[in-house]
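To start, the structure itself, in C-alpha cells.
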Amino acid sequence: MNIDILLGLQWGDEGKGKIVDAISPGYDIIARFQGGPNAGHSLEFHNVKHVLHLIPSGIFHRSKMNIIGNGVVIDPAVFRKEVETLGLSIEELTERLVISTRANLILPGHRILDAAYEHRKGNTKIGSTLKGIGPAYTDKAGRNGLRAGEILKTSFRDMYNERLKDHLTILRSYDFSFDISEYEAGWFEGIELMKKFRIVNTEYLINNLISHGKRMLAEGAQGTMLDIDFGSYPFVTSSNTISAGACTGLGISPKQVGEIFGIFKAYCTRVGSGPFPTELNDQTGNILRERGHEFGSTTGRPRRCGWLDLPALKYAIMINGVTKLFMTKSDVMSGFDNVKVCTSYISGGKKCEEIPFGSDDIEPVYKDLPGWKEDISRIREFDDLPVNLRNYIRIVEEQTGVPVTIVSVGPDREETIFRE
Ligand code: GDP
Ligand code: IMO
Ligand code: MG
C-alpha cells in the first residue's frame, strides 16, 4: 500500500504539523484533504517555528510534492499571506505545491457570513475560527461554490459577482455591520498569485504517481471529535476530518490505504465551545496550558485543557481504523506527582464506556496513575523514558489495543522518539 493517512484523534492541535514534517522523508507526496485556513499546523526545525494553514506540512522538504486536495477550502487571501511569509522562493513553491481544480474557494462573503452567524448565535456560538469554513462548505454542498479551476476563466469575475449578490442578500437580513471591500482587495491579489501555481486534476496526478510506486501521506486537519458527522455536533467543523475524508478529499480508493496513523496529546485540549468531559477548570488545567503553550495557532485563543479521555480516544480509533498511535506532549505532563486518565463515564446515573448521543450530562471516571518528573525532551530512546511514562503508554495500548509507535517529546523535528 502506498498511501498512509495521519489524522487527529481529539479536538485538533494534537501536533499533526510537527509529526507530518518529521515523517515526510518517507514519502514522495504530502497532501491535505479537508478543512482550510481554520487549521494551524506548527512545525519547528533549526530553532525556527513555522505555522501552516493551507499548505501541507511536507513543504520544507526539498523534492517532495505537496498537494492541496479537492476536499480543502481555500481562501486566496490567506494563501497569499502564507506563501509570502513561508521563507521559500516563489520558484521553489510553484515547483513543489500543486492545487486541485476542484478545491472550493472561500469567498469574502463566506468570512462575513461566518461572523454574522456566530454573532446571531450569541451564547450558543460554535467558537468558529471565523475563517469562513462553514459558509464555504455550505455553498459547496448547495452547489453554489466557486472552485480553484475556475479562476482562469474569463467569466470568473462575473461568477464571483453573482455569488457576492447572494451573500449580500443573506447578510442584509442580519443585524450585522460589515465592510466587504476590506477583504476583497487582498482576496483578488491572492487569486492572481494562485494563477502562478499548477492547478490540475490532482485525482489523476495522485493516482498516476501511486501507480508508478510513489508514496503519499494524507495530512488531516482538525480532529475526529470535530468531524461533521461523528464529532460533538453542532460544536464541530464542517468537513469529514476522519480517515474516510481522505478518500473523498483526494480522489483515492480505500483499497489503496495502508497505515492510518492516529495522533493524540498525552492530555486533551479543545479550543472553541462544546462538551469536554475531562476539562480541568482549575490550577492543573492552568499548568497544562502554560507549560504546553496551549494557545491557538490560528486564533491565539487559550485552549481548554484536561486529562486524557480514553473512551473518546477509543471511539476515534474505531471510526478511523487507526493502525498506529503517535503520542505528543508527554513532556508537558512532567512534574505532577499523580496524573489521571478517564476510563469511563457516568451518564444519566449509569456507568458507560461509550460516548452517549447529545452528551451534555457526562461525568468522567478516572484512574489515578503515578506521574513523572524528569525533563524528557532530550531522550531519543523509548527505553530511556521514565518508567511511569512507559507505564502510562502501556495502559493506553492495553485499553485501545493499538501500539504507540512515535512519542514526541518536544516541538522540534528532532524531539521525536521512533519506536520501531
Ligand atoms: P496541529 O494543529 O495538530 O498541527 O497542532 P498545533 O501546531 O496547532 O499545536 C501543537 C503545538 O504543540 C504546537 O505549538 C507544536 O509546536 C507543539 N508540539 C507538538 N508536539 C509537541 C511535543 O511533543 N511537546 C511539546 N512540548 N510541544 C509539542
Ligand atoms: P488544526 O488542524 C483546533 C474548532 C474551532 C471551533 C470549531 C469550528 O490546527 O488541528 P471552524 O472554524 O471550523 O468553523 O470552527 O472547530 N477548530 C479547531 N480547533 N484545531 C483546529 O485545526 C481547528 N479547526 C477548527 O475552534 O470550535
Ligand atoms: Mg492546530
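Under the side-chain hydrogen bond (donor to acceptor under 3.5 Å, both in side chains) criterion, Tyr267 pairs with Glu294, not counting sequence neighbours. Taking the ring-ring contact (aromatic ring centres under 6.0 Å, His included) definition, one finds that His50 meets it with Phe45, Phe60, sequence neighbours left out. Listed by chain and residue number, Asn201 satisfy the side-chain hydrogen bond (donor to acceptor under 3.5 Å, both in side chains) test with Thr101 (two or more places apart in sequence, or in another chain).
Between the side chain of Thr278 and the main chain of Leu308, no donor-acceptor pair closer than 3.5 Å is present. In this structure, the side chain of Gln10 does not engage the main chain of Gly223 through any donor-acceptor pair within 3.5 Å. Listed for the Asn104 side chain is no donor-acceptor partner under 3.5 Å among the backbone atoms of Val73. Judged by distance alone, the side chain of Arg380 and the main-chain N or O of Ser377 form a donor-acceptor pair under 3.5 Å. The closest donor-acceptor contact from the side chain of Glu219 to the backbone of Ser57 lies under 3.5 Å.
Residues Asp21 and His61 have side chains that bring a donor and an acceptor to within less than 3.5 angstrom of each other. Remark: the Thr328 side chain and the Lys18 side chain contain no N/O donor-acceptor pair separated by less than 3.5 Å.
His167 pairs with exactly one of Asn144, Ile180, Asp139 by the side-chain contact (heavy atoms from CB on, under 4.5 Å) rule, that one being Asp139.
In terms of heavy-atom proximity, Val72 sits nearest to Gln34 at CG2-N, 3.6 Å.
Arg120 forms no cation-pi arrangement with Phe176, by the criterion of a distance under 6.0 Å to the ring centre and an angle within 45° of the ring axis.
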